[in-house]
2 protein chains.
Amino acid sequence: MDGAPDFRPLYQQVRDLLVQRIVDGAWKPGDALPPEPALAENYRVSQGTVRKALDELEKRNLVVRRQGKGTFVATHTPQRALFHFFHLVGDDGERALPSHRMLSVRSARADAREADRLALKPGTAVVRLKRLRLLGARVALVERIAVPAALFPGLADSRHADLPNELYRHYEIVFGVTVARAVERLKAVAATAEEAASLGLAPRAPLLEIDRVAFGLDGKPVEWRRSRCDTASHHYLSEIV
Amino acid sequence: MDGAPDFRPLYQQVRDLLVQRIVDGAWKPGDALPPEPALAENYRVSQGTVRKALDELEKRNLVVRRQGKGTFVATHTPQRALFHFFHLVGDDGERALPSHRMLSVRSARADAREADRLALKPGTAVVRLKRLRLLGARVALVERIAVPAALFPGLADSRHADLPNELYRHYEIVFGVTVARAVERLKAVAATAEEAASLGLAPRAPLLEIDRVAFGLDGKPVEWRRSRCDTASHHYLSEIV
DNA sequence: GAGTGGTCTAGACCACAGC
DNA sequence: CTGTGGTCTAGACCACTCG
């Protein structure tokens, strides 16, 4: 820590250096970080300072720590992928885990809205996915997804039946794209004729629209997703602390 | 810390003792806690341990710390009341702060749903409020609220015009009830004829229903609120970290 | 200047994992 | 047994607030 002068607290500097190494891919999801004493020596700070930096990485869900084993870069396990980002819950409180039916995968040029949400220039190459998602045996969501083609080379050529339900895990394993954060905007909308047919509802039935932008480790948008959900027997759960 | 044997970490014991004092009202919202060295001496632990306990209280939004001044029990400032618990945002990204028009305040006996949400026996005395809330100049929400009468003595006798927009602040100042946490369940529903009229919408227009249970410092439900919102030009914002 | 919380250190010991 | 993260201490100094 004796390089360029920097007047922020040491633990923040260490924290940012650690984040940088994860963002750069020096440590990949699932990898163990060096032990705390090694990091302390490496950065010429005390172990307490390293711990405070790691506390913050843990709070941001970038690493998980396990006593006796080590500190590991966080991964999108099936559990995390589903429960952390999927907030639809049965009205009885059961978290019915969704399955899916992928309908199509197509290359396209970003339209105005995709360009806005993904922070791209209109016309940039994107990949569009369409799928249905089932809760229990019923189709409950229709989903349109758009991602920048540049981040996902070859995705457009996937056979749509081969794409897994847990896309974020797939993004991470196959394309090295880690979803670190997301912002969801929710609205109530009336189902289009097509949506109503897919969901087995009356035309213009009320649907919950979830418009989600997911961000990568570097803070840039990596996916835009618009889900329209039948909330007759499910709800979106939001906990405020 | 040399009383009854307890094998949890010291900082957790100190944390829980501090929480207890806040819950019991020994320190009220806005009060300063004793300085860290005093707490350390009091509980016979090091200042570092007290700090770790206070870190957790701060994370739970129970206290706020200000360098050079002290540590204070959190209060529902107008800012916090609105932005922490009110998640509707204009589609342009502006946080239009809502105003309200209280319609009625009535005593009643808890029906089945109120009893469920508030963890009361059916028939327990409750107070029901109805109000409209405006975003800008437009009526955008119709809201029904129910609270246990026992926690809010005299509330039922309030002139409804006297009740402020920021109810949580009112609960805290007038009744000593602090809302610490809330759970919201969101659905899309079709407006009833009455709701459509209040909101100036077509009958059966899609509305976002927010069903919120708010919990006090002791973890017990203190309010149930059901808001139905016109999301034509606003959305509910949910950030996932 | 006195008092507060914020940062940082060095070192001890504990609890858990795995050979 | 060794190595990991988790807890705890004691003390130093910094940054901010206020009289």
Side-chain angles (χ1 to χ4, degrees), chain A residues 1-19 21-22 27 29-75 77, chain B residues 1-19 21-22 27 29-75 77:
Chain A
M1 299 313 308
D2 42 16
D6 188 340
F7 299 103
R8 290 176 310 143
L10 277 179
Y11 75 90
Q12 290 182 14
Q13 301 179 41
V14 173
R15 176 195 67 196
D16 293 347
L17 289 167
L18 294 172
V19 169
R21 296 208 62 169
I22 294 175
W27 300 314
D31 285 358
L33 270 59
E36 294 175 358
L39 290 171
E41 191 187 7
N42 203 293
Y43 292 119
R44 304 281 203 281
V45 299
S46 76
Q47 186 174 348
T49 300
V50 169
R51 285 190 65 74
K52 192 154 183 180
L54 287 173
D55 283 345
E56 303 221 347
L57 295 208
E58 191 176 28
K59 223 166 44 189
R60 297 192 202 173
N61 291 311
L62 290 180
V63 303
V64 296
R65 294 201 273 192
R66 273 187 292 171
Q67 191 176 31
K69 298 197 66 176
T71 301
F72 303 84
V73 180
T75 63
T77 62
Chain B
M1 300 313 308
D2 40 17
D6 189 340
F7 300 102
R8 291 177 309 142
L10 277 179
Y11 75 90
Q12 291 182 15
Q13 300 179 41
V14 173
R15 176 195 67 195
D16 293 347
L17 289 167
L18 294 173
V19 169
R21 296 207 63 170
I22 294 175
W27 300 314
D31 285 359
L33 269 59
E36 294 175 359
L39 291 171
E41 191 187 6
N42 203 294
Y43 293 118
R44 304 280 203 281
V45 298
S46 76
Q47 187 175 346
T49 300
V50 168
R51 285 191 63 75
K52 191 152 184 181
L54 288 174
D55 283 345
E56 304 219 349
L57 295 209
E58 191 177 28
K59 222 166 44 188
R60 297 193 203 173
N61 292 310
L62 290 180
V63 302
V64 296
R65 295 199 274 192
R66 274 186 291 173
Q67 190 176 32
K69 298 197 68 176
T71 301
F72 303 84
V73 181
T75 64
T77 61

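Protein chains get the first letters and strands the later ones, always in sequence-line order, with residue 1 at the start of each. All figures in this text were calculated on a predicted structure; none of them were measured in a lab. Keep in mind that the numbers below use all heavy atoms, side chains included, and drop hydrogens, waters and symmetry copies.
Between L33(B) atom CG and dG3(C) atom C1' the separation is 16 Å, expressed in whole Å. Following rounding to the nearest Å, E36(A) (CD) and dT9(C) (P) show an atom-to-atom distance of 14 Å. We find that NZ of K69(B) is positioned 13 Å from C1' of dG19(D), with the value rounded to whole Å. To the nearest angstrom, P of dC8(D) lies 19 Å from CD of E41(B). Atom CG of L10(B) is separated from atom P of dC13(C) by 16 Å (rounded to the nearest Å). The separation between Y11(A) atom OH and dT9(C) atom P is 13 Å, rounded to whole Å. F72(B) has its CZ atom 17 Å from the P atom of dC16(D), to the nearest Å. dT2(D) atom C1' lies 15 Å from atom CD of Q67(A), rounded to whole Å.
Residues of residues 46-58 of chain A having a heavy atom closer than 4.0 Å to DNA chain C, listed by number: S46(A), T49(A), K52(A).
Side-chain N/O atoms of R66(A) include none lying less than 4.0 angstrom from OP1 or OP2 on dA17(C). At least one side-chain nitrogen or oxygen of R65(B) sits closer than 4.0 Å to the OP1 or OP2 atom of dG6(C).
At most 12 non-hydrogen atoms from other residues, nucleotides or ligands lie less than 6.0 angstrom from CD of E41(A).
For Q47(B) against P37(B), the heavy-atom pair with the smallest separation is OE1-CG, 4.0 Å. Scanning both residues, G30(B) and F72(B), for their nearest heavy atoms gives O-CD2, 3.7 Å.
Between D55(B) atom CG and Y11(B) atom OH the span is 10.5 Å, to the nearest 0.5 Å. If you take CZ on R60(B) and CZ on R15(B), they are separated by 5.0 Å, rounding to the nearest 0.5 Å.
In summary, of the residues considered (L18(A), V14(A), L62(A)), a side-chain contact (heavy atoms from CB on, under 4.5 Å) with L54(A) occurs for L18(A) alone.
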